[in-house]
Visitor: 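Following this message is one structure expressed as structure tokens.
Residue numbers start from 1 in every chain, and the chains themselves are labelled A, B, ... in the order their sequence lines are given, proteins ahead of strands. All values reported here derive from a predicted model rather than from experimental measurement.
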There are 2 protein chains.
Amino acid sequence: MPEEPHFLIEEKQREEKIRVTRAEVNAESYVEPLELGKRVREIRLSQSLTLEEASKLTGLARSTLSKIENDQISPTFSVVTKLAKGLGIDMPQLFTRPKEAVAATGRRDITRLGEGKPHPTPTYEHELLSTQLTNKKMIPYRTVVRARSFDEYPEWVRHEGEELLYVLSGSVLLYTEFYEPIELMAGDSAYYDCAMGHSLVSTSADDAVVLWVTA
Amino acid sequence: MPEEPHFLIEEKQREEKIRVTRAEVNAESYVEPLELGKRVREIRLSQSLTLEEASKLTGLARSTLSKIENDQISPTFSVVTKLAKGLGIDMPQLFTRPKEAVAATGRRDITRLGEGKPHPTPTYEHELLSTQLTNKKMIPYRTVVRARSFDEYPEWVRHEGEELLYVLSGSVLLYTEFYEPIELMAGDSAYYDCAMGHSLVSTSADDAVVLWVTA
DNA sequence: AACCCTTGTTTCCAATTGGAAATTTTTATT
DNA sequence: AATAAAAATTTCCAATTGGAAACAAGGGTT
């Protein structure tokens with residue numbers, strides 16, 4: 001029975017409910033159909049495996065594999081994990097858009113002013129740049145730091161990597177663990193280890209804009 | 001009810017069956033148990049989001065998020081996808097092991113406008129930022145691209161790594177191998193693999209200023 | 001202390017997943 | 001073609017997921 005996959009149907013049903021909310025908060029974060037099934041099948045066939053063999057390798061039922069490959073179910077995380085283990089694929093590889101294999105063509109991604117992928121949070125208004133390329137060594141954001149008072153600065157953030165901060169306009173106050181807060185004006189920059197607690201507030205009357213690059 | 005997660009129990013049962021086969025065929029491409037829940041919580045908190053806010057961003061129920069973070073369910077693929085989209089995470093990042101947070105000593109380096117270390121070349125006028133810190137993952141420059149005519153644009157440059165280019169003022173023409181030259185205006189950015197030949201000239205009447213970050 | 005409000009957890013249940021087996025389709029062989 | 005064997009899909013159903021709502025656990029306020 002060639003019905004529409006459940007989770008796609010469900011997707012639509014919810015669409016209604018959450019449309020407004022989602023649009024408000026994050027105008028542009030919908031889940032594309034992404035053909036997991038197609039990817040999986042490609043990988044299996046590239047190893048010349050039958051469903052039965054893949055089944056043995058992954059510990060998943062033949063039927064389950066078939067359904068996944070035909071996008072009839074949305075496998076659970078644990079199933080995806082088994083799949084990856086059994087077929088010897090990197091998880092990331094599974095999700096990375098196969099897009100044009102980069103091969104001979106160089107990787108390049110242009111982002112025009114204001115055309116990044118918006119990602120608002122209560123505190124900041126991030127705009128992800130260069131979202132076409134995946135597996136980048138750096139992740140660049142252009143971020144609007146909303147004008148706000150001192151005493152409500154956000155919690156420390158801590159994570160892997162290093163960060164470069166360049167103030168494009170306005171002025172901000174950079175809080176980092178182990179140091180006194182420091183005010184940065186347009187043109188100033190900071191480089192720090194993200195393992196230190198850090199957070200940023202705007203000190204200008206209006207919003208400040210910064211470029212943030214994480215490695 | 002603090003029972004053992006279903007999908008973990010089941011994991012063990014099947015273990016027996018597939019052990020031998022798996023060892024034969026693919027002895028070593030193990031994606032460890034990875035605590036998805038913990039990761040997700042980290043990421044959510046790093047953005048100072050509440051479950052409610054994350055719920056709005058992802059379109060998932062608060063309860064669902066809670067269960068995921070507490071490893072009480074194995075979310076379906078479509079749910080994981082929504083999660084990643086909503087929270088603005090690269091899928092791969094979700095699965096990559098978070099090397100234990102470096103006991104932070106606190107590396108931080110502030111560079112005031114114009115106080116970087118000058119490094120002039122015939123073509124550009126680089127100003128190295130954050131020169132106090134060594135062993136950085138990224139090397140940031142603020143570079144003035146001298147106004148110049150088209151036909152004397154510099155040779156390709158090729159080297160290791162990836163580069164982010166952000167135009168601070170003026171406009172420039174970015175030449176990269178495999179692509180047509182493209183004009184970038186203030187606020188535009190480009191990300192590319194440095195293995196591609198690349199070079200930059202200014203197209204504005206006066207000098208252009210760009211931020212260049214190499215990883 | 002009683003109350004309200006926010007954040008996170010748990011319960012309940014309808015909807016979906018995943019396995020075993022049945023069924024259909026494809027491929028190979030006469 | 002006809003048949004057998006292999007491979008893939010579908011069906012059926014028990015087990016699990018995911019949403020709504022109830023619940024619990026703080027934080028402030030009055």
Visitor: Considering only heavy atoms and no angle criterion, is a donor-acceptor pair shorter than 3.5 Å present between the side chain of A:Ser66 and the base of D:dA8?
Guide: no
Visitor: Please determine whether salt bridge (charged side-chain N to carboxylate O under 4.0 Å, His left out) holds for the pair A:Lys56 and A:Glu53, giving the CA-CA distance in whole Å, both sets of side-chain angles, and the decisive distance to 0.1 Å.
Guide: CA-CA 5 Å; A:Lys56 289 226 182 75; A:Glu53 292 166 327; over 6 Å; no
Visitor: Any non-hydrogen side-chain atom of A:Thr176 less than 4.5 Å from a side-chain atom of A:Leu174?
Guide: yes
Visitor: Assign each of B:Thr76 and B:Lys67 to its nearest nucleotide of DNA chain C by heavy atoms, then name whichever residue's nucleotide is nearer the 5' end.
Guide: B:Lys67
Visitor: Can you measure A:Phe77 atom CZ to C:dG18 atom C1' for me and round it to whole angstrom units?
Guide: 17 Å
Visitor: Expressed as a whole number of angstroms, how long is the span from A:Leu45:CG to D:dA8:C1'?
Guide: 11 Å
Visitor: What nucleotide, of D:dA21, D:dT10, C:dG18, holds the atom closest to the side chain of A:Gln72?
Guide: D:dT10
Visitor: Taking atom types as modelled and ignoring hydrogens, do the side chains of A:Tyr191 and A:Glu162 form a donor-acceptor contact shorter than 3.5 angstrom?
Guide: yes
Visitor: Out of D:dC12, D:dA20, C:dA22, which nucleotide sits closest to the side chain of B:Ala61?
Guide: D:dA20
Visitor: Quick one: is B:Arg62 getting a side-chain N or O under 4.0 Å of the D:dC23 phosphate, OP1 or OP2?
Guide: no
Visitor: For the base of D:dA7, is there a side-chain donor-acceptor partner from A:Thr50 under 3.5 Å away?
Guide: no
Visitor: B:Ser63 side chain: which of D:dT11, C:dT10, D:dG18 is closest?
Guide: C:dT10
Visitor: Is there a donor and acceptor pair, one atom on the side chain of A:Lys82 and one on the base of C:dG18, closer than 3.5 Å?
Guide: no
Visitor: Whole angstrom is fine here: how far is it from CG in A:Leu51 over to C1' in C:dG19?
Guide: 14 Å
Visitor: C:dG8, OP1 or OP2 - any side-chain N/O from B:Arg44 closer than 4.0 Å?
Guide: yes
Visitor: With heavy atoms under 4.0 Å as the rule, sort A:Thr64 into base, sugar-phosphate or nothing.
Guide: base
Visitor: Of the options C:dT9, D:dG18, C:dA22, whose atoms approach the side-chain atoms of B:Asn70 most closely?
Guide: C:dT9
Visitor: I'd like to know if the side chain of A:Arg112 reaches the main chain of B:Asp188, judged simply by a donor and an acceptor atom lying under 3.5 Å from each other, with no hydrogens or angles considered.
Guide: no
Visitor: Using the benzene-type ring in the case of Trp, are the ring centres of B:Tyr192 and B:His198 under 6.0 Å apart?
Guide: yes
